[in-house]
Protein chains: 2
Amino acid sequence: MLTINDASKRTNLPVKTIRYYDEVGLVLATGRTPAGYRLYDDRSCQKLGFVQRARQFNFSIEECRELLSLYEDHGRPSRDVKKITLSKLALLQKQLDDLTTLTLELQTLANQCTGDDRPDCPILNAFSAGPIDAEP
Amino acid sequence: MLTINDASKRTNLPVKTIRYYDEVGLVLATGRTPAGYRLYDDRSCQKLGFVQRARQFNFSIEECRELLSLYEDHGRPSRDVKKITLSKLALLQKQLDDLTTLTLELQTLANQCTGDDRPDCPILNAFSAGPIDAEP
DNA sequence: ATAAAGCCTCCGGTAACAGGAGGGTCAACC
DNA sequence: GGTTGACCCTCCTGTTACCGGAGGCTTTAT
């Protein structure tokens with residue numbers, strides 16, 4: 001059995017985060033010492049790692065909860081997991097598109113700005129006027 | 001002089017948001033009626049629009065505050081604006097890269113998953129094991 | 001006169017933790 | 001046996017940029 005600090009070192013998750021996951025019931029501590037210290041075993045460490053990776057893929061805590069229960073259920077059809085993954089993928093794709101547009105437009109503005117002592121600034125002009133047309 | 005509702009219609013910003021900008025001192029109401037109703041003039045509406053567009057470019061409230069003061073200062077050098085913009089651009093670029101990597105990896109996993117009745121699932125396997133190698 | 005719409009302030013909630021206060025516990029060392 | 005220092009606990013507050021709603025005036029229209 002590991003203390004929360006040991007679990008932290010093993011998973012590279014901050015102690016605070018592990019405590020938080022316990023608190024919200026995402027990954028519960030395996031047990032407690034008589035003094036109330038949280039204890040974790042190999043299995044719970046593995047779950048922590050699982051959540052960590054899912055979080056890195058932008059899955060929310062609630063989605064992690066869902067994935068974790070599928071992960072625990074060894075008879076689950078892979079269809080269920082794929083469904084969640086695909087909808088998350090669509091969301092990521094949209095974020096990606098938005099961010100790309102944004103970056104292009106801002107890039108265009110920065111290029112147009114001389115960036116010298118003169119007060120005239122295409123960036124501020126654009127912000128004060130309206131939407132921006134990116135250069136082709 | 002416009003009521004907050006009129007300003008909202010003109011700028012397409014929610015009333016709640018305009019009130020919030022007043023509260024945090026980003027775009028103050030021009031004045032108040034004897035009854036305490038907020039009033040906005042053309043100039044403050046323009047500032048609201050400015051903030052709206054800057055926010056669409058992912059500038060935080062604090063950054064908007066900075067841009068707005070440069071916007072108000074007609075003698076400012078465009079260098080100052082460009083500097084802020086470029087650092088924001090770098091941040092956007094990094095977000096973009098991260099998101100791209102993420103999407104590719106998740107795409108790879110989804111492709112590998114049969115998505116049928118069988119319980120074997122490459123997605124969960126990957127999450128339980130470690131980092132993912134994207135397909136070339 | 002009254003009803004509807006609009007305005008106000010204040011309170012609570014959101015996501016996913018981080019930081020810190022105040023206090024108990026444990027192992028080692030002298 | 002006492003003490004130091006590392007570690008643990010819970011509870012509270014703060015973060016970002018608002019949204020929703022309660023309770024209560026004000027204005028406008030009928």
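These numbers come from a predicted model, not from an experiment. These numbers come from the heavy atoms of this one structure, side chains and all, not from hydrogens, waters or symmetry mates. So that the names make sense, note that chain A is the first sequence line, chain B the second, and so on, each numbered from 1.
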* **Between C:dG24 (P) and A:I4 (CD1): distance, integer Å** => 20 Å
* To do: Name the residue closer to the 5' end of DNA chain C, choosing between A:Y37 and B:R32 according to the nucleotide with the nearest heavy atom.
  => B:R32
* If Ile, Leu, Val, Met, Phe, Trp and Tyr residues are connected whenever their side-chain heavy atoms lie under 4.5 Å apart, and connections chain through other members, are A:V15 and A:L28 in the same group? -> no
* Separation of B:Y20 atom OH from C:dC7 atom P, in whole Å? -> 21 Å
* Asked: Expressed in angstrom and rounded to an integer, what is the separation of B:N5 atom CG from D:dT28 atom P?
  -> 13 Å
* Asked: Which is true for A:T3 with a 4.0 Å heavy-atom rule: it touches a base, it touches only sugar-phosphate, or it touches nothing?
  -> sugar-phosphate
* Structure fact -> A:E23 CD to D:dC9 C1', in whole Å, measures 12 Å
* Ring centres of A:Y71 and B:F127 under 6.0 Å apart? -> no
* **Nearest-angstrom distance from the residue atom CD1 of B:I61 to P of D:dG14** => 19 Å
* Walk me through it: do B:E72 and B:R43 pass the test side-chain contact (heavy atoms from CB on, under 4.5 Å)? => CA-CA 11 Å; B:E72 299 254 72; B:R43 178 123 192 81; 2.9 Å; yes
* With heavy atoms under 4.0 Å as the rule, sort B:S60 into base, sugar-phosphate or nothing. => sugar-phosphate
* To do: Measure the distance from CZ on A:R65 to P on C:dA16 and round it to the nearest whole Å.
  => 10 Å
* To do: Verify the distance criterion only: is there a donor paired with an acceptor across the side chains of B:D41 and B:S44 at less than 3.5 Å?
  => yes
* Structure fact -> Contacts of A:Y21 and B:R19 projected onto DNA chain C by closest heavy atom; the upstream (5') one is B:R19
* Tell me: CG of A:L48 to P of C:dC17, nearest whole Å? -> 12 Å
* Asked: Is a side-chain donor-acceptor pair under 3.5 Å present for A:D6 with A:T3?
  -> yes
* Where each residue is assigned the nucleotide of DNA chain D containing its nearest heavy atom, which of B:E62 and B:T33 is assigned the position nearer the 5′ end? -> B:E62
* N or O in side chain of A:R38 less than 4.0 angstrom from D:dC8 OP1/OP2 -> no
* To do: Let me know the distance between CD of A:Q52 and C1' of C:dC17, rounded to the nearest Å.
  => 14 Å
